[in-house]
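Accompanying notes for the structure given below.
Convention: sequence-line order gives letters A, B, ...; per-chain numbering from 1. The structure displayed is predicted, hence computed values, not measured ones.
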Amino acid sequence: DAGVIQSPRHEVTEMGQEVTLRCKPISGHNSLFWYRQTMMRGLELLIYFNNNVPIDDSGMPEDRFSAKMPNASFSTLKIQPSEPRDSAVYFCASSSRTLTGGSEQFFGPGTRLTVL
Amino acid sequence: SQKIEQNSEALNIQEGKTATLTCNYTNYSPAYLQWYRQDPGRGPVFLLLIRENEKEKRKERLKVTFDTTLKQSLFHITASQPADSATYLCALEEDGQNFVFGPGTRLSVLP
């Protein structure tokens, strides 16, 4: 298995532009997580899906952020409009997880986003 | 307020010694606690999971303890090697929700 796939690996954009990050989870996994990592705030959970349904989006910073999971093999995280403070590494992770939890997460390589 | 702390931002030890990393939490009731390793420029990699009713878990040179009374987990690497140098993250999970990572400890094993 190729593991969790994220694209692009690096993104540089200007303030105000729309940014779309993509994730392909491991086949057969039923949960998908989006995280953001910065030096100041560490690794923060933004949103997670179980069986393609958003379960908890309380970590999404504000309305500029949105996430979708149209099917079991694809998810997007969109930022519109982007701001310099959104600069971070964004990770996608997947797991075989029940709603009661307790399963390891497999992380992708991350997307390094720079907003100028 | 809720908080997760890991003992120090950085820890240096000599090769062959046992590294002990600490994860303390406040105002959480985790059902599970996990430890991950992260190398520079890469995503975290799962190491061990321990449940609230388990006291200790081992895997090769790794050992994790979980004390829900002290609200603390200890992560040990025995016979440490330079290849163990990385950042180690603890993560709490409360019954399928509220999944939270600690800030991490950067471990350097000196030859």
Kindly assign one of parallel, tilted or perpendicular to the pair B:F99 and A:F33, based on the angle between their ring planes and the thresholds 30° and 60°.
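Plane angle between 30° and 60°, so tilted.
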Does any heavy atom of chain B fall under 4.5 Å from the side chain of A:Y35, the backbone, both, or neither of them?
side chain
Side chain, backbone, both or neither: which part of A:E44 has an atom under 4.5 Å from a heavy atom of chain B?
neither
Heavy-atom count around [X] [atom1] within 6.0 Å, excluding the residue itself: above 12?
| X | atom1 | result |
| --- | --- | --- |
| A:R112 | CZ | no |
| B:E9 | CD | no |
| B:E60 | CD | no |

Taking side chain as everything from C-beta outward and backbone as N, CA, C, O, which of these in B:P44 sits under 4.5 Å from a heavy atom of chain A? Side chain, backbone, both or neither.
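For B:P44, backbone and side chain are both near chain A.
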Under 4.5 Å side-chain linkage, directly or through intermediates, the cluster mates of A:I5:
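Under the 4.5 Å side-chain rule, A:I5 groups with nothing.
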Taking atom types as modelled, is there a side-chain donor on A:Q105 or B:Q34 under 3.5 Å from an acceptor on the other?
no
Which value, rounded to the nearest 0.5 Å, describes the distance between B:Y36 atom OH and A:F107 atom CZ?
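Rounded to the nearest 0.5 Å, the OH-CZ separation comes to 5.5 Å.
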Using side chain to side chain contact (heavy atoms under 4.5 Å, CB included) as the criterion, list what pairs up with A:P61, not counting sequence neighbours.
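Result, side chain to side chain contact (heavy atoms under 4.5 Å, CB included) vs A:P61: A:R36, A:L46, A:F65.
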